[in-house]
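Just so you know, ligand 1 is whichever comes first in the structure, and atom 1 is the first atom listed for that ligand. This structure is a prediction, so every number in the text was calculated from the model and none was measured.
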Amino acid sequence: MQFEENFSIANVRIKAMQKPHALSRRQFLSGLGVTAAALGLSTLTACTEEKKHNAISLAHGNDKELFPIYQDGKYVAKDFTALTKIPNLGLSPENISAHLALYTAYVDKVNKAEAMMAKNEVDDFSMKNLAFSLNGMALHDVYFANMTTEATKQSTALKAAIDKTFGSFDNYYANLVDTAMLVKGWSITALNLLNGKLFNYAQDTHSSNYPAYVMPILVLDVYDHAWLDQFGSGDEAKREYISVFGKIINWDLVSRRLDAVTKLYS
Ligand SMILES: [Fe+2]
C-alpha cells in the first residue's frame, strides 16, 4: 500500500455518456472525441470544435458502468462497497476495502491536481497526482466494475480482437497472467489505437511504463494490497489470487468497453 501511495495506464479521461444507447452515433462519437482530445488524439478523431462543445454538454451524464464519473467539473467516487458483501466473490471484504480507501483518496487528489493545474499551480503534488491519481482512480474503476459472480460471456468482437493479436483466448490469458506475475502494480488489457490491436500492458505503478494511445478494457490489480493479506506471500499465492480474479471477470462489460473504445480507432 505504501508503494502504491508513492507512485500511478493509460491516462484515461473518458467523457462518456450516461445512456450511450439512447444517443445518436454522432453524439456518442462527440463524447469520445473529448476523451481523445484530452489524450492528444484529436487528429485521430477529427473532432470539430462544435462537436467538442456538444460533448462537453453531455459530460454530466457518464456511462457509470464503463467509465469513471465526471460531473459538475469534478470526478465522483463510485460506491463499490457492494463487492464486500458478495459471499462467493472469492476476494475478502478486507481485501476489497483496502483498495476502496485508496480509490476514494485518488479521486480527491486528481480533482485537486486538476484544479491546481488549471490555475498554473505547478508543484510536486499537482505534477504527480495529475497522472498518478487519475490512473489510480481510472484503473481501480475498471478493476472493480469488472467483478461479478454472474455468468457472463465474451462478445464476438472481443473474441475476434483477442484472436487478432494472440491467436487464441488461452494464449491471451496466459499472457495476461504472465505479465501480472512480472509486475508489482497492474496487468492491463488495452486497445492500442495506433494499430487497433489488444495487448496486455505491464505497469509497476499507476503511472510507470505509461503507454500513450491505449485504452484499457480489463484491469488486473496485483499490488500487494490486492492479495497478500488473504493469500499469503510468494508467487504461488499470487497465482492463486489471479486464479480467483479470473473467475469473476465480467466479460459482458469487458466486451461493451471494447465496443466503446473501438469507436476511437474506427
Ligand atoms: Fe488496488
*Angle subtended at the Fe ion (ligand 1) by ND1 of His99 and NE2 of His140, nearest 10°*: 100°
_Could you check whether any side-chain heavy atom of Met147 comes within less than 4.5 Å of a side-chain heavy atom of Leu91, counting everything from C-beta outward?_
yes
*Which N, O or S atom of His225 lies nearest to the Fe ion (ligand 1), by name*: NE2
*Between Asp252 and Ser255, is any side-chain donor less than 3.5 angstrom from a side-chain acceptor?*
no
*Report the residues that fulfil ring pair (Phe, Tyr, Trp, His ring centres under 6.0 Å) with Phe80, sequence neighbours left out, ordered by chain and then residue number.*
Tyr103, Phe144
*Keeping to residues at least two apart or across chains, list the salt bridge (Lys or Arg N to Asp or Glu O under 4.0 Å) pairs with something in residues 74-94.*
Lys78-Asp141
_Looking only at N, O or S atoms, which one in Asp221 sits nearest to the Fe ion (ligand 1)?_
OD2
